[in-house]
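To start, the structure under review is shown below, and the notes come after it.
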Amino acid sequence: MKIVGFILVVVLALVLFGIGPVLTILSLNTLFSTGIAISLWSWLSVAWLHLIAAGAVRGGIKLAQRD
């Protein structure tokens with residue numbers, strides 16, 4: 001039973017990682033009428049921005065906890 005739960009968590013994480021950048025592109029298109037096409041390159045760009053933003057937030061939290 002533990003293995004099935006672990007597999008489900010891994011599959012959910014992969015699905016969210018795959019669909020997250022697409023949802024971000026769609027939300028930007030809706031909010032700002034940007035007209036960004038959903039392609040592999042735009043997906044990679046948004047995934048990279050997500051990684052950079054998460055690192056910046058994590059770094060800012062560590063700095064705030066030190067003070």
Side-chain angles (χ1 to χ4, degrees):
M1 193 63 173
K2 289 182 181 180
I3 294 173
V4 173
F6 177 74
I7 291 172
L8 287 175
V9 168
V10 169
V11 168
L12 179 65
L14 289 174
V15 167
L16 289 177
F17 180 73
I19 199 77
V22 173
L23 291 176
T24 302
I25 293 168
L26 291 174
S27 66
L28 287 172
N29 283 340
T30 300
L31 289 173
F32 303 114
S33 299
T34 56
I36 300 170
I38 298 174
S39 67
L40 176 64
W41 293 113
S42 62
W43 184 91
L44 286 172
S45 299
V46 173
W48 177 252
L49 287 174
H50 279 221
L51 291 173
I52 296 296
V57 168
R58 185 173 290 168
I61 290 172
K62 285 182 182 179
L63 285 175
Q65 288 176 347
R66 261 193 253 165
D67 292 339

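Identified under the ring pair (Phe, Tyr, Trp, His ring centres under 6.0 Å) test for residues 7-44, with sequence neighbours left out: Phe17-Trp43.
Ile7 and Val15 fall within a single hydrophobic cluster, where Ile, Leu, Val, Met, Phe, Trp and Tyr are joined by side-chain heavy atoms under 4.5 Å apart, directly or via other members. Hydrophobic clustering places Val46 together with Leu40 (ILVMFWY residues linked when any side-chain heavy atoms are closer than 4.5 Å, directly or through intermediates).
Residue Gly18 comes nearest to Val22 through the heavy atom pair O-CG2, 4.0 Å, listed as atom of the first residue, atom of the second, then distance. Of all non-hydrogen atoms in Gly35 and Asn29, the two that sit nearest each other are N-OD1, 3.2 Å.
Here Ile38 contributes atom CD1 and Thr24 contributes atom OG1; the two are 10.5 Å apart, rounded to the nearest 0.5 Å. Summarising the geometry, atom OG belonging to Ser39 is positioned 7.0 Å from atom CD1 belonging to Ile25; distances are rounded to the nearest 0.5 Å. The structure places CG of Leu23 at 10.5 Å from OG1 of Thr30, a figure rounded to the nearest 0.5 Å. Distance CG/Leu44 to CG/Leu49: 11.0 Å, rounded to 0.5 Å.
A 4.5 Å side-chain heavy-atom check between Ile36 and Leu26 finds every atom pair outside the cut-off.
More than 12 non-hydrogen atoms from other residues, nucleotides or ligands lie less than 6.0 angstrom from CG of Leu8.
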